[in-house]
Novice: 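Here you go, one structure.
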Amino acid sequence: MSTDVDPDPEKLADLAVELATAAGHRVVELADTARATASTKSTATDPVTDADRVAEAMITDGLLSVRPDDSIVGEEGASHQGGTAVTWHIDPIDGTTNYVYGIPAFSVSIAAEVGDQVVAGVVFNPSVDELYRATIGAGSTCNGERLRVRPATELATALVATGFGYTAPRRRHQGRVIAELLGRIRDIRRFGSAALDLCAVATGRVDAYYELGLNRWDLAAGALIASEAGASVGNLDGGPPLDGFLLAAGPELFGPLRSALRELGADRE
Ligand code: IPD
């Protein structure tokens, strides 16, 4: 590992690749035991496993051993206040429900933010050995192949991924929105990992993805991967996709889909 503390995005991405692949492989090794002992956190539908905690500790320890003065925020509680401009956002298993059920669509997501800008993002799906990587201004790749969003499509023929939160009132609202949207688009997909949904926009496996209520650790790496593949990424008010509402789509589709989602109140609780 490098001991350079200069926040060069490529070096930050190299470090994230090393830690995400190691953590992803460990998560797969731990699957049988972790699934058997899974518990829940924010609600009865929000699972967590020992593998989430082991992977987050591996990543945190790895970051601190190389860059002890950076800040860290992780889904399972990792929190370190450092003195550099770099903050790492870690989701050790994004798609924990899939992990618990043995569905091969979960990922390790690591992003490096400098100031308020995400400059490097890595998402690793260990089940299919797909490693997504982006650095700001330098494009995004999957296993080294350059990514590009799908060619333009109209709203009526768009394949749109989405996800649902963990509280019943939010889900009911999200269900009402999707019920109406479904009549205006080609179809929907619900893969179960926001980070992989954003990578699916980047690879062109879907035309768009939106979700209400994501956390920074869910979206930071994937949003950079999608935008570096040519997607427009933002909220419904023209702002950045922070911790409220995120829409990612090809530039031509973004406007019509944003209008439809605004009309349906998709960014409200
Ligand atoms: C969840 C997944 C899911 C999304 C949820 C997220 P987690 O993350 O990304 O696809 O719909 O909103 O919370 O809990 O598996 O890390």
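Remember, it's 1-based here, ligands and their atoms both numbered in the order they're listed.
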Novice: Counting only heavy atoms not in Asp32, do more than 12 sit closer than 6.0 Å to its CG atom?
Specialist: no
Novice: Could you name each residue pair satisfying salt bridge (charged side-chain N to carboxylate O under 4.0 Å, His left out) that touches residues 119-136, not counting sequence neighbours?
Specialist: Glu10-Arg133, Asp14-Arg133, Glu130-Arg205
Novice: Below 30° counts as parallel, above 60° as perpendicular, anything between as tilted: where do the rings of Phe124 and His25 land?
Specialist: perpendicular
Novice: Kindly indicate, with the supporting measurements, whether the criterion salt bridge (charged side-chain N to carboxylate O under 4.0 Å, His left out) is fulfilled by Arg26 and Glu29.
Specialist: CA-CA 5 Å; Arg26 186 76 185 116; Glu29 284 167 8; 2.7 Å; yes
Novice: Check whether more than 12 heavy atoms from other residues, nucleotides or ligands sit under 6.0 Å from atom CG of Asp116, and answer yes or no.
Specialist: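 For Asp116, atom CG is not crowded (no more than 12 foreign heavy atoms under 6.0 Å).
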Novice: If the criterion is any heavy atom closer than 4.0 Å to an atom of ligand 1, which residues make the list?
Specialist: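 Glu75, Asp91, Ile93, Asp94, Gly95, Thr96, Gly163, Phe164, Tyr166, Arg190, Gly192, Ser193, Ala194, Glu211, Leu214, Asp218.
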Novice: Does atom CZ of Arg172 have more than 12 heavy-atom neighbours, drawn from other residues, nucleotides or ligands, at distances under 6.0 Å?
Specialist: no
